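Hydrogens, waters and symmetry mates play no part in the numbers below; they use all other heavy atoms, side chains included. Because the structure is a prediction, the values reported are computed rather than measured. So you know, we letter chains A, B, ... as the sequences are listed, proteins then strands, and number each from 1.
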2 protein chains.
Amino acid sequence: MNVRARQKAATQASILQAALEIFSEKGFDGASTREIAAHAGVHHALIKYHFTSKDALWRAAVTFLFQRQAAELSLPAPNDPAHASYRDFARAVIRAVVLYSARHPEHARLMVQESVRDSERFRWAADEFIVQTRQAAEAFILLCQREGILPKVSVPALAYIFVGAAQLFYTLAPEVRRVWGIDPSDPEVIEAHAEALTAVLVR
Amino acid sequence: MNVRARQKAATQASILQAALEIFSEKGFDGASTREIAAHAGVHHALIKYHFTSKDALWRAAVTFLFQRQAAELSLPAPNDPAHASYRDFARAVIRAVVLYSARHPEHARLMVQESVRDSERFRWAADEFIVQTRQAAEAFILLCQREGILPKVSVPALAYIFVGAAQLFYTLAPEVRRVWGIDPSDPEVIEAHAEALTAVLVR
DNA sequence: TGTTACGTTATGCATTTGCATAATGAAATG
DNA sequence: CATTTCATTATGCAAATGCATAACGTAACA
């Protein structure tokens with residue numbers, strides 16, 4: 001790779017990284033491209049050059065989030081010999097989701113900022129990515145219900161119960177720190193949360 | 001109350017109502033006072049006149065939310081004769097929290113927008129209001145643990161599991177509608193969610 | 001080594017923003 | 001009925017915003 005190509009990739013990466021941070025903390029309207037550029041340490045005109053527009057940058061950030069999620073959150077198959085039982089499999093899935101939420105809290109933050117209202121941007125993300133997440137969540141819940149691990153109640157409700165219970169602790173990390181005096185980025189705290197969620201969900 | 005006082009109260013109420021909606025959907029930075037004024041159907045200069053500044057308007061909105069919550073979410077006492085058992089009491093609390101989250105989704109939306117980062121505004125809200133919520137949540141969880149209703153795991157984790165599981169379904173109502181094809185404002189759907197959460201939490 | 005390609009920077013512009021100040025007009029008051 | 005009070009409106013302003021355009025400088029290449 002060239003010097004120029006390397007530099008170009010580095011610039012794009014730093015812009016994307018800054019975009020994730022600012023968008024996730026302030027939402028699309030609250031974030032300014034100049035603030036993102038300053039945070040990335042580049043000239044603001046480079047955002048237009050590399051990402052065309054603020055809207056396109058936001059979509060690039062969302063695409064990055066879901067691609068990384070797909071890569072990192074490769075859930076093990078239910079019949080994987082690594083699991084002694086479906087119950088163990090369910091525990092592994094819950095733990096994996098909690099660890100992902102803890103590792104990348106900006107994912108849930110950025111999405112929740114946009115999913116509280118029905119914008120064009122939100123609809124694009126929903127159709128492009130969230131629909132797939134629904135499939136996985138639904139399949140997992142149905143399996144757990146069949147095996148008697150989860151109660152046989154509303155599947156959509158269970159889906160948001162699961163996800164909400166897994167991510168709010170990290171989405172609201174500043175609140176957890178200030179009001180409860182504990183740090184949701186501490187590995188031990190994360191383990192305790194995963195254990196708690198497993199105890200609540202797996203019967 | 002004379003004509004002027006009545007009109008003044010009506011103006012303030014409509015501004016506050018609009019502020020709740022715009023702040024909860026766009027966050028503090030993303031919301032503009034002119035948009036709030038337009039949404040309330042009043043001249044934008046009235047916001048400064050009645051609420052001094054954008055920041056003060058935000059704090060008035062948050063104050064309103066928590067005061068209304070305190071009024072509407074008056075949790076029944078554990079030893080109230082209306083409850084046959086602590087288990088029934090726990091079910092009543094869970095149902096009440098779910099119904100409140102469904103009735104006023106803007107509360108969680110507005111707070112989550114500000115609680116994802118450690119701003120001065122957030123710290124004020126945390127110290128002024130959220131600390132009290134913590135007390136109630138902690139007491140409720142400890143009671144449930146003593147009675148064998150909830151597993152004896154991390155209390156802060158359980159608190160965010162409970163709240164996250166109760167409110168995400170309504171915070172992300174547009175997502176639920178688009179991706180799952182159901183309406184989180186439908187009373188039957190709300191009942192199903194309350195039932196699901198109760199089934200998951202109460203053992 | 002001279003030229004080109006292209007990542008980067010400088011600058012401009014119309015619009016939006018929060019806030020300030022002065023003007024207005026009708027209800028309240030005596 | 002004259003006057004005052006005060007909720008409301010009109011207008012201004014500096015700063016910030018997204019985006020456009022042109023200049024710049026150096027790595028890449030023939």
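- Side-chain N/O atoms of Ser32(B) include none lying less than 4.0 angstrom from OP1 or OP2 on dT16(C).
- Glu195(A) places no side-chain N or O within 3.5 Å of a backbone atom of Val153(B) that could act as its donor or acceptor partner.
- In terms of modelled atom types and a separation under 3.5 Å, the side chain of Arg146(A) and the main chain of Ile141(A) share no donor-acceptor contact.
- Rounded to a whole Å, the CG atom of Leu57(A) is 10 Å from the P atom of dC19(D).
- Atom CG of Leu46(A) and atom C1' of dA22(D) are 15 Å apart (whole Å).
- Out of dA20(D), dT8(D), dT21(C), the shortest distance to the side chain of Lys48(B) is found at dT21(C).
- Rounding to whole angstrom units, NZ of residue Lys26(B) and C1' of dT17(D) are separated by 14 Å.
- The closest donor-acceptor contact from the side chain of Lys152(A) to the backbone of Gln145(A) lies under 3.5 Å.
- Between the NE2 atom of His50(B) and the C1' atom of dT8(D) there is a distance of 8 Å, rounded to whole Å.
- Among the atoms of the strands shown, only primed sugar atoms or phosphate atoms (P, OP1, OP2) are found under 4.0 Å from some heavy atom of Ala31(A).
- Along DNA chain C, the nucleotide closest to Arg34(A) and the one closest to His43(B) are compared, and the more 5′ of them pairs with Arg34(A).
- Not a single donor-acceptor pair under 3.5 Å links the side chain of Glu35(B) to the backbone N or O of Ala31(B).
- In this structure, NE2 of His44(B) is placed 11 Å from P of dT17(C), rounded to the nearest angstrom.
- Of the listed nucleotides (dG18(C), dC19(D), dC6(C)), dC6(C) has the atom at the smallest distance from the side chain of Arg4(A).
- Mapped onto DNA chain C by nearest heavy atom, Val3(B) and Ser53(B) fall at different nucleotides, with Ser53(B) at the one closer to the 5' end.
- Judged by distance alone, with hydrogens and angles left aside, the side-chain atoms of Gln113(A) form a donor-acceptor pair with the main-chain N or O of Ser24(A) at under 3.5 Å.
- Look at Thr11(A) and you'll find a side-chain N or O under 4.0 angstrom from OP1 or OP2 of dT8(C).
- Between Asn2(B) atom CG and dT29(C) atom C1' the separation is 11 Å, expressed in whole Å.
- Taking atom NZ of residue Lys54(A) and atom P of nucleotide dA16(D), one finds them 15 Å apart after rounding to whole Å.
- Atom-to-atom, CZ of Phe51(B) to P of dC19(C) comes out at 14 Å; the value is rounded to the nearest Å.
- Proximity of Gln7(B) to the phosphate of dT8(D): a side-chain N or O atom is located under 4.0 Å from OP1 or OP2.
- Residue contacts shown for Ala37(A) are absent, as no nucleic acid heavy atom lies under 4.0 Å away.
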